[in-house]
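The next block holds one structure in the form of structure tokens; read it before the comments.
The structure presented is a predicted model; accordingly, all values stated were derived computationally and were not measured. Per chain, numbering begins at 1; letters A, B, ... match sequence-line order.
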Amino acid sequence: MKEAGALRPRNDPMALLDLDNLNKRYGALTVTDDLSLSVEAGEIVGILGPNGAGKTTLFNLVAGTVKPNSGTVTFDGRDVTRDGAAQRCRAGISRSFQVPQPFNGMTVFENVLVGATFGRAAPDAGEFAMQALEKSGLARKANMLAGSLPLLDRKRLELARALATEPRLLLLDEIAGGLTDSECHELLDVLRAVHASGVTMVWIEHVVHALLSVAQRLVVVNFGRKIADGLPDEVMASREVRSVYLGDDAHG
Amino acid sequence: MSTLHVTRSTPLSRIALPLAALLVLLLAAAPWWASTATLRLIGEIMIYLSLASLWNLLAGYTGLVSVGQHAFVGLGGYILFTVALYLGWNPLLAIPLAGITAALIAVPVARLVFRLNGAYFAIGTWVVAEVFRLSFAQISSLGGGSGSSLPIGIMKAMAESKAMRESLIYWAALALGTGSVVFVYLLLRSRIGLALTAIRDNETASSSLGITIPRIKLAVYVGVAAVTGMVGALIFLQKLRIAPDAAFSASDWTVLVIFMVVIGGIGTIEGPIIGTLLFFVLREFLADLGTLYLMILGALAILIMMASPKGLWGLVTSRTGLSLFPVGYRVETRGDQG
């Protein structure tokens, strides 16, 4: 399959994250098909693709929740392919889940404290957790049980927990879905501030206008393959992307 | 603007902890105020309090529903007899040694049973305990299937007078009973406790936030096995006699313990304490009824499980929100405190 937009080198050892020919199969179903991708430190990379394209699997492979059948994941120059999720989190890869996974029986503060305690090495976990709550706008709900939060706050909690691990690479999985315009603007402000503090981001999002307002680069995935990778304008203008992702008829 | 800070106590816990300390002091003085029979009863309560707290940590907090903890009780008992019969040591020294041995044995056992999940894990732990029982029945130097007794000479190494020996055993039981509750409480307030609560709620999110789940579970399993082994040594120091069927008795050291934890409230620190006390109250009043007594216990367990899956303490907390041993964190505004 052809790649639209500016092609990048397949392997970039200087990149913060480098995926090299990743494959993931479940039985006969190939969900990640020879996928290679590099993310430089300081970038915001947006990931687009239709439902079932393998975007969340890609995050699972990067975060270590699932292991690839073949290929390597290199983070900060180190091969982490065999490392588990916990090890990768401590190395600096943090993620939010598309379907929020709160610790329902714990308070909002305790949820975030888990990340601040186990996801990073420094000792001031309590203070750091509080800062992550304030950044994500959850400080006033610190003592509420996570199980009693409405959806928007659960998404905020996903972000707060991920930030509490002091990540260098933040993987955001559809964090803007279901937000109103003003909530979305608040979220974008938070993400810009996080990015300004030196965090690299990869963001899967169906809310395209939100993604385009911060992403410096777009990657489009379909059937587990990367079909486009380049500057947002170029990628969005490409015929193949329009046909696959936006449903336009490429031959029309 | 007021500053935020984190508190870990509640008004009730600030009263409960000194009261608990006072109660332990009072119990420590029991050899001076209690009869031998009362001393033995409190000692037995302490042993079950320890087993119940430990099993609750394993099943209620770590999700390791073992029905084979009698493996470590029996192992501890046999360590005591080995040390006393062959090394001639003071039997009290056998208690820490039983703990160390149980911990060392627990590591390979964990490697085996941790491959199993859920019900299979439970059955696996039971099978391990059976294997232990059958193995010790083969060791003829420890009495084989018919068991052996502690010679009085060994007991005299502990203390000359019978009263002093009774007191020493009682204090050891008190130390293990209260020590187990304190151990569970401090563990749950530590980093490990935070990790355990997170794992209980969501394993995927836990590992994504940096928690190495297998390591935490192994640590708890081995720690619980160690203290269970120490309790085992103490039980058979009190009984003076050991045989495989008594040492590895599932009904005495596992089933009754599960009963106590379930009626008291699994997954709470208070639950095993209440369950243990309630069990002994029932036994004092109903034991004369024989078989009927066991039927009443069973019916009671089923009733409580149906009416309140979190046990009697769960009923109390859901109505009042009380917590005698708070392990959580509350964020407070410092200005509120005045």
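Atom CZ of Arg215(B) has 12 or fewer neighbouring heavy atoms from other residues, nucleotides or ligands inside a 6.0 Å radius. In Trp203(A), the CH2 atom is crowded: over 12 heavy atoms of neighbouring residues, nucleotides or ligands sit closer than 6.0 Å. Within a 6.0 Å radius of CZ in Arg140(A), no more than 12 heavy atoms belonging to other residues, nucleotides or ligands are found.
In this structure, the side chains of Phe118(A) and Arg191(B) come closer than 4.5 Å at one or more pairs of heavy atoms. Within the 4.5 Å cutoff, the side chain of Thr197(B) has no heavy atoms near those of the Glu110(A) side chain. Contact check for Met106(A) versus Leu194(B): side-chain heavy atoms found under the 4.5 Å cut-off.
When each of Ser94(A), Pro167(A), Gly105(A) is scored by its heavy-atom pairs under 4.5 Å with chain B, the top score falls to Gly105(A). Between chain B and the options Leu113(A), Leu133(A), Val108(A), heavy-atom pairs under 4.5 Å are most frequent for Leu113(A).
Nearest approach of Phe103(A) to Ser206(B), heavy atoms of both residues: CE2-OG, 3.5 Å. Closest heavy-atom contact between Ile211(B) and Val114(A): CD1-CG1, 3.6 Å. The two residues Cys89(A) and Gly210(B) make their nearest non-hydrogen contact at SG-N, 3.6 Å.
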For Thr212(B) and Arg90(A), run side chain to side chain donor-acceptor pair (under 3.5 Å): C-alpha distance rounded to whole Å, both residues' side-chain angles, the deciding distance at 0.1 Å, then the answer. CA-CA 10 Å; Thr212(B) 319; Arg90(A) 288 194 294 271; 3.3 Å; yes
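With rounding to the nearest 0.5 angstrom, the CG atom of Leu209(B) is 12.5 Å from the CZ atom of Arg120(A). Taken to the nearest 0.5 Å, the CD atom of Gln101(A) stands 5.5 Å off from the OG1 atom of Thr204(B).
Heavy-atom distances place both the backbone and the side chain of Thr117(A) under 4.5 Å from chain B. For chain B, the nearby parts of Arg161(A) are the backbone and the side chain; heavy atoms of each come within less than 4.5 Å.
Both tests do not hold together for Arg330(B) against Phe109(A): distance to the six-membered ring centre under 6.0 Å, angle to the ring axis within 45°.
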